[in-house]
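Please read all numbers here as calculations on a predicted model, not as lab measurements. FYI, side chains are in, hydrogens and waters are out, and symmetry mates aren't considered; it's all heavy atoms of this structure. Residues: numbered from 1 along the sequence shown.
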Amino acid sequence: MLKQAVRAGFLLMLAFILSSQSLFAAGKTVKVKVTLVSAELVHNEHVGNEWWWGGYVNGKELEEGSSVTVNVSSSGSIKLRVEAQEQDKYPEDGTANATVKVASIKSSINKTLNVTVVENRGRYSGNTATWRFVFKIQKL
């Protein structure tokens, strides 16, 4: 009887230790540096000449060439968002989103997002412009 009680206690303790190790490992935070390497208009079929654009990492806006360092759970992810808007009386805009899992970053990766903006009025209605945004994401 005593042997069974000791064995049951040992098994419960072992189960607790194994489950708590995975909980502590999942809670580990990692520093990740994200740089908006470039934002460029790569195609413009008479959509417009005046533009506003923005790149965002977890909701924080970045300028071209600038970086932000974020603390993320090792099992978490980083949210990227880009926008481009043709500026005129009736502005057209486009957006793109991406999610990068921290576990997928070995040391450094580049992530490219393309945004298409469609002209919605006038004689060039339906024509498109394409923006390319490149982010560099690296674990620190």
Can you name the closest pair of heavy atoms from [X] and [Y] and give their distance?
X   : Y    : answer
G54 : F133 : O-CE2, 4.1 Å
A84 : W131 : CB-CD1, 3.5 Å
P91 : N120 : O-ND2, 4.3 Å
L41 : A129 : CD1-CB, 4.1 Å

Under 4.5 Å between side-chain heavy atoms, hopping through other hydrophobics if needed: is there a path connecting [X] to [Y]?
X    : Y    : answer
V34  : V102 : yes
V68  : I105 : yes
W53  : L62  : yes
I109 : V72  : yes

Original post:
How long is the gap from CD on E86 to CH2 on W51, to the nearest 0.5 Å?
Top reply: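 Taking CD in E86 and CH2 in W51, the distance rounds to 5.5 Å.
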
**OP:** Output yes when a side-chain donor or acceptor of E119 lies under 3.5 Å from a complementary backbone atom of N127, and no otherwise.
**Re:**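 It does not hold such a pair.
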
Subject >> Test side chain to side chain donor-acceptor pair (under 3.5 Å) applied to Q85 - qualifying residues, sequence neighbours left out >> reply: Q87

Subject >> All pairs passing side-chain hydrogen bond (donor to acceptor under 3.5 Å, both in side chains) where residues 96-118 contributes a residue, at least two apart >> reply: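 Counting only pairs at least two positions apart or across chains, the side-chain hydrogen bond (donor to acceptor under 3.5 Å, both in side chains) contacts touching residues 96-118 are R81-N97.
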
Original post:
For residues 34-45, which residue pairs qualify under side-chain hydrogen bond (donor to acceptor under 3.5 Å, both in side chains), counting only residues two or more places apart or in two chains?
Top reply: T35-S67

**OP:** Name all residues meeting the side-chain contact (heavy atoms from CB on, under 4.5 Å) criterion together with A96; count only those two or more places apart in sequence or in a different chain, and write none if there are none.
**Re:** V82, L113, V115

Original post:
For atom CG of N71, is the number of surrounding heavy atoms from other residues, nucleotides or ligands below 6.0 Å larger than 12?
Top reply: yes

Original post:
Is the number of heavy atoms from other residues, nucleotides or ligands under 6.0 Å of K139 NZ greater than 12?
Top reply: yes

Subject >> F135 vs V100 side-chain heavy atoms within contact, under 4.5 Å >> reply: no

Original post:
Do V57 and L80 come within less than 4.5 Å of each other through their side chains, counting heavy atoms only?
Top reply: yes

Original post:
Which other residues end up in the same hydrophobic cluster as V118, if Ile, Leu, Val, Met, Phe, Trp and Tyr are linked when side-chain heavy atoms come under 4.5 Å apart?
Top reply: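 When side chains under 4.5 Å apart are linked, V118 ends up in no cluster with other residues.
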
**OP:** Could you give me the CA-CA distance, side-chain angles and deciding distance for E83 and W52, then say whether side chain to side chain contact (heavy atoms under 4.5 Å, CB included) is met?
**Re:** CA-CA 8 Å; E83 302 176 15; W52 170 89; 3.4 Å; yes

**OP:** May I have all residue pairs that pass ring-ring contact (aromatic ring centres under 6.0 Å, His included) and include part of residues 90-130, sequence neighbours excluded?
**Re:** H46-Y124

